[in-house]
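Quick notes on the structure that follows.
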Amino acid sequence: MRVLVTGAAGFIGSHIVAALAARGHEAVGLDALLPSAHGAGAAPGAELLHADVRDRGAVADALAGVDAVCHQAAMVGLGTGFSAAPAYVACNDLGTAVLLTAMADAGVRDLLLAGSMVVYGEGRYDCPRHGWVRPGPRATADLEAGRFEPRCPRCGADLVPGLVDEDAPADPRNVYATTKLAQEHLAAAWARATGGRAVSLRYHNVYGPGMPRDTPYAGVASFFRSALARGEPPRVFEDGGQRRDFVHVRDVAAAGTVALEALPVREPGALSVFNTGSGEPHTVGEMARALARAHGGPAPVVTGEFRLGDVRHITASSRRIADELGWRAGVGFTEGMTEFALGGLREPSGGTPRDRRVKCR
């Protein structure tokens with residue numbers, strides 16, 4: 001199978017390229033090679049076209065002879081300040097629309113989309129009196145007072161966090177999350193219009209070797225790892241009790257390869273979504289302590305600070321992808337965090353890439 005991987009030189013994209021090659025597939029990469037995300041090196045094992053996903057001519061060229069597309073290119077991060085909305089929408093949503101239009105013209109009918117758990121907003125919560133409830137956004141006054149846990153919107157009782165499944169309603173809480181949900185809607189519309197087959201893997205908190213360091217677009221694991229590399233303690237927001245599902249990048253790449261191989265036999269004209277997590281929830285504080293222990297210190301500092309737009313708990317049920325595609329994560333939390341603590345990070349190049357037209361961060 002010949003697969004076009006957008007964002008092929010990025011953190012997850014480069015691992016997907018390697019996983020495809022290991023299973024005997026041919027990857028063609030397209031990447032803008034922005035220094036804010038990574039250095040100017042090409043993805044291993046891939047023919048790489050240096051261009052932006054919004055460049056329709058470049059995308060059309062890259063699609064020649066392609067059987068399927070793995071769409072990883074995106075501007076990531078929270079996007080909590082609304083001033084960033086045009087950049088997020090232009091990269092994530094316009095970029096996806098350009099890609100899907102070119103795929104329709106080229107007759108390429110199989111798409112794997114990099115989705116995200118952020119489309120759910122807060123995760124699943126159960127109230128002792130009212131069962132499953134959906135708390136609204138946390139109030140600034142509560143966060144400032146150190147009241148971080150959402151409460152039942154009906155009675156104010158303490159809630160028990162649980163696992164969210166793919167049928168949970170979407171409730172994006174920031175600009176980035178909104179654009180990721182829009183990407184899925186675009187992919188679903190494309191599939192219906194063209195008879196295409198589309199799968200979105202809703203990644204949970206991906207970490208591992210090759211994460212970019214010292215960039216506003218990195219994840220929390222990278223921030224902690226970068227601090228340790230500088231000899232500084234990881235700074236943990238809130239009280240460190242936020243529950244997440246930290247999934248290793250090699251597991252995510254394996255899930256992508258499995259999903260791509262399954263696309264030709266899936267139902268045409270539809271989008272399928274799958275949570276892609278480790279199935280082993282941990283708190284942000286646990287992750288910071290695990291990294292600090294493996295790295296040899298210093299110990300994390302819990303700051304009590306917060307970011308508007310962050311959610312308290314979001315952990316996945318990945319049962320559907322196990323049942324339908326046979327994928328399960330294989331890298332355990334301690335093993336993965338130890339490897340990550342002792343391994344290297346992707347250094348920004350500091351240069352200016354020679355993109356063919358525009359740049360999608």
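For this chain, numbers begin at 1 and follow the sequence in order. Keep in mind the model is a prediction, meaning the values are calculated, not measured.
- Judged purely by atom type and a 3.5 angstrom limit, Thr179 uses its side chain to pair as donor or acceptor with the backbone of Tyr176.
- Counting heavy atoms of neighbouring residues, nucleotides and ligands inside a 6.0 Å radius, atom CD of Glu267 does not exceed 12 of them.
- A donor-acceptor pair under 3.5 Å links the side-chain atoms of Thr315 to the main chain of Gly162, judged by distance alone.
- Between the side chain of His15 and the backbone N or O of Arg250 there is no donor-acceptor pair closer than 3.5 Å.
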Go through Cys152 and Arg129 one step at a time and tell me if the side chain to side chain contact (heavy atoms under 4.5 Å, CB included) criterion holds. CA-CA 9 Å; Cys152 177; Arg129 290 181 57 193; over 6 Å; no

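- Residues Ala187 and Leu271 approach most closely at CB-CD1, 4.3 Å, considering heavy atoms.
- Within 6.0 Å of atom CZ in Arg154, 12 or fewer heavy atoms from other residues, nucleotides or ligands are found, so the atom counts as exposed in its surroundings.
- The two residues Asp52 and Leu30 have their closest heavy-atom pair at C-CD2, 4.0 Å.
- In this structure, the side chain of Asp31 engages the main chain of Ala8 through a donor-acceptor pair within 3.5 Å.
- Between Ala255 and Ile321, the shortest heavy-atom contact is CB-CD1, 4.3 Å.
- We find that Arg312 and Asp239 are joined by a salt bridge, their nearest charged nitrogen and carboxylate oxygen being less than 4.0 Å apart.
- Looking at Val76, Val175, Val119, Thr96 one by one, the single match for side-chain contact (heavy atoms from CB on, under 4.5 Å) with Lys180 turns out to be Val119.
- Remark: the backbone N or O of Arg197 is not paired with any side-chain donor or acceptor of Arg266 at under 3.5 angstrom.
- Under the 4.5 Å side-chain heavy-atom criterion for ILVMFWY residues, no single connected hydrophobic cluster contains both Val98 and Val53.
- The backbone N or O of Gly330 lies less than 3.5 Å from a partner atom in the side chain of Asp251, making a donor-acceptor pair.
- Cluster membership check: Val284 does not share its hydrophobic cluster with Leu163, using side-chain heavy-atom separations under 4.5 Å among Ile, Leu, Val, Met, Phe, Trp and Tyr.
- Cluster membership for Val133 and Tyr120, using ILVMFWY side-chain heavy atoms within less than 4.5 angstrom, is not shared.
- Looking at heavy atoms from C-beta onward, Thr101 lies in side-chain contact with Arg56 at the 4.5 angstrom threshold.
- Under the 4.5 Å side-chain heavy-atom criterion for ILVMFWY residues, a single connected hydrophobic cluster contains both Val249 and Val258.
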Evaluate side chain to side chain contact (heavy atoms under 4.5 Å, CB included) for Phe11 paired with Val206, printing each intermediate quantity in order. CA-CA 10 Å; Phe11 169 45; Val206 185; 3.8 Å; yes

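- Side chains of Leu325 and Glu261 form no contact here, defined as non-hydrogen atoms less than 4.5 Å apart.
- Between the side chain of Asn275 and the backbone N or O of Ser317, at least one donor-acceptor pair lies under 3.5 Å.
- Considering only heavy atoms from C-beta on, Leu263 comes within 4.5 Å of Leu260 through its side chain.
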Apply side chain to side chain contact (heavy atoms under 4.5 Å, CB included) to Leu291 and Phe340, showing your working. CA-CA 8 Å; Leu291 286 175; Phe340 183 50; 3.6 Å; yes

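- In this structure, Thr276 and Trp327 have side chains that are in contact, with non-hydrogen atoms separated by less than 4.5 Å.
- Two residues are said to be in side-chain contact when any heavy atoms from C-beta on lie closer than 4.5 Å; Asp167 and Arg320 meet this criterion.
- Distance alone, capped at 3.5 Å, places no donor-acceptor pair between the Gln183 side chain and the Leu181 backbone.
- Listed here is the closest heavy atom pair of Pro234 and Pro298: CD-O, 3.7 Å.
- In this structure, the separation between CG on Leu99 and CG on Leu63 is 6.5 Å, given to the nearest 0.5 Å.
- Here the side chains of Leu143 and Phe148 are in contact, with some heavy-atom distance below 4.5 Å.
- Taking the side chain as every heavy atom from C-beta outward, Met117 and Val164 never approach each other to under 4.5 Å.
- Looking at Arg109 and Pro268, their side chains never come closer than 4.5 Å, going by heavy atoms from C-beta outward.
- Cluster annotation: Leu113 and Met103 are assigned to distinct hydrophobic clusters (Ile/Leu/Val/Met/Phe/Trp/Tyr, side-chain heavy-atom contacts under 4.5 Å, transitive).
- Between His248 and Tyr207, the angle of the ring planes goes over 60°, which puts this pair in the perpendicular group of the 30/60° scheme.
- A side-chain donor from one of Gln72 and Tyr203 sits under 3.5 Å from a side-chain acceptor of the other.
- Between Ser318 and Gly277 the shortest heavy-atom distance is OG-N, 3.0 Å.
- For His282 (side chain) and Asp245 (main-chain N/O), no donor-acceptor pair under 3.5 Å exists by modelled atom type.
- Glu122 has no carboxylate O lying under 4.0 Å from a charged side-chain N of Arg134, or vice versa, which leaves the two without a salt bridge.
- Among Arg243, Arg147, Arg307, Arg138, the single residue meeting the salt bridge (Lys or Arg N to Asp or Glu O under 4.0 Å) criterion with Glu238 is Arg138.
- Between Thr194 and Ala104, the shortest heavy-atom contact is CG2-CB, 3.9 Å.
- Between the side chain of Arg328 and the backbone N or O of Gly279, no donor-acceptor pair lies under 3.5 Å.
- Just one residue in the list Asp67, Leu111, Val108, Val66 forms a side-chain contact (heavy atoms from CB on, under 4.5 Å) with Leu4, and that residue is Val66.
- Ser278 and His204 form no side-chain donor-acceptor contact under 3.5 Å, judged by distance and modelled atom types alone.
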